[in-house]
Amino acid sequence: FAPYIQVEYIAVMPRKPTRRGLLQNPPPSTFSRFARSQALIASAYRSKRKINKSKFYKKSRSNFSGNGFENHASDENSEQAESSDEDFDGVVQADFAFFDPKPSDFHGVKILLQTYLDEKQWDVSGFADLILGQTTVGTVIKVEDDEDDGVYSVVTALNLGRYKARNNFCTISLTVAAATLLPITCCNGVDHKCIAEIKEFLRKSCKEEDTMNNLRSYLGEQAQDVGLLISQRVVNLPPQLLPPMYDALFDEVSWATEDEPTEELRNSFCFKYYLLISRIYKHKTADQQKRQKSDEAIVYVKPEDEIFHKVPVCCFYRPLTELSHSSASDSFNLHLSSAPGPSVSICALSNLYLMRQEMLKDYRLMGLVMAVEASKVSAFRGQLKSLIDEPS
Amino acid sequence: MMSGFCVGLQFENSCEIGVFSKLTNAYCLVAIGGSENFYSIFESELADVIPVVKTSIGGTRIIGRLCAGNKNGLLLPHTTTDQELQHLRNSLPDQVVVQRVDERLSALGNCIACNDHVALTHTDLDRETEELIADVLGVEVFRQTIAGNILVGSFCAFSNRGGLVHPHTSIEDLDELSTLLQVPLVAGTVNRGSEVIAAGMTVNDWTAFCGSDTTATELSVIESVFKLREAQPSAIVDEMRKSLIDSYV
């Protein structure tokens, strides 16, 4: 089963009065989101030019709204957005639904995981396969009846000690094996490649001695009790979805401790700790005394991080490597690594990016790694609800 | 040099290598940034035969989707800066005509798919652009859709020897396109079921580069339709050189 959430989200959407003629033949079907993003990039450049009369109409599904949130209409006859700085009027409704992870979500989940370990080139595909292989715990958020089947958020908890490498002769057959999702739980003691890469990454990025000792044990002998809490989403996912999403996750974890077929699996969900890899904006002068009182020391990209950060068992900041392509001119890149995650419309992203640049000019994006006790979860759920519900 | 197939390519964890590179029979363009690994794979496969040039277009790295070219020429969008244009003119062989195009559909790589003889274009391309394509690239131009998609440059990849198109292309469309292009075509996917063929791979007459998610089945389809096993790169390039020398005489 999957809980169904309906979010009636009031946002704005461009409504162009000009209507183009319809094709005699059935109009071309929507192209993939990738191609559409490319088309949007192209259209953003010609915002000053007049649109020539054209015989086809595009379904423009991503729209920019003034308050920085964005939604996809479930049914649409809209014309192409001409430029992103016009005045908008109108209302968009989006129905988000929660699903169990399925193999067909591979591409969407992979996109959300691209910047999980910052710039490091690692086995993202293998990691996505592990997430999708675990159907009992984990949720994927999609829009109801979305043609593209796009994944807007993924949340799951993976036991760090569970996934071991299979013996294989070459990487191609591993891909085929992963494609058929054979269970990757053989116990020859060597970690699965992506898990090993994550552990290596964490070890390398921790600079503090005491935290290092804790971390080593979480990644080593205590790995069986540690759940890697993965929560990735598009930048502008409505926050109202977060409490039910985390409720679903923690409920599924507790059900799995009872419902899983083997004792080994049941025990693997008895987490003592959750490990989170995330990002925050830290004020450039946060460590000094002279900072303005009105500025927050830390701006959390994901609101739930603030709650976790209050009660970590251990945590450390990691500096993000200098991103060679984070100049403003690269805002049209598909892959804005300096943003905390992908967002669905690239054209709108440039404005979002500029807005955020302005607000956050005194802050520096940093990585944050936290370990929290699993016993704190119930308190967390309540706090998250009140955090999201409070008018801010 | 052996013909080949390079698999397992990634550009910063993305398998969409056709976005960050452009491969033709006369040159190869690679995006700046990404790891040195990406560039060096192209270098090691191609350096003896054709130049591998690092560039950006309009300050972005998505060069494979913004430009269109073949052995005769390279078309760049109006967003290309003067420095980039000059850099490309300097780095590419003299017989390759580098031209900036004033076309509102500026993602030329998505709108135009071509080999050395034929080009398929977006149905809405300007008349002038179509003529420019025919002149600069030396090709016959056809306005087409592929499986109902107008971005022909994204949903197919073809060389002078074969082509791969969107998986939902009907048999009739396949036959029609095959007749137009005069090469065998197959409908398939790349990068584990991705329909955006041209984003996931890049190909010329003797070699192909595919993203690391590409399955063994997809690889074998690509290898057979593009006839990569039998290709002899030096022979192909020598053929081209001979024909050029003839034209000066």
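Below, chains carry the letters A, B, ... as their sequence lines are ordered, and counting in each starts from 1.
Taking both residues in full, the closest heavy atoms of E12(B) and Q121(A) are given as N-OE1, 3.9 Å, listed atom of the first, atom of the second, then distance.
Neither the backbone nor the side chain of C111(B) has a heavy atom closer than 4.5 Å to any heavy atom of chain A. Only the backbone of K120(A) comes within less than 4.5 Å of a heavy atom in chain B; its side chain stays farther off.
Counting heavy atoms from C-beta outward, C15(B) and K110(A) have side chains that approach closer than 4.5 Å.
Although no hydrogens or angles enter the test, the distance criterion places a donor-acceptor pair under 3.5 Å between the side chain of Q114(A) and the main chain of N13(B).
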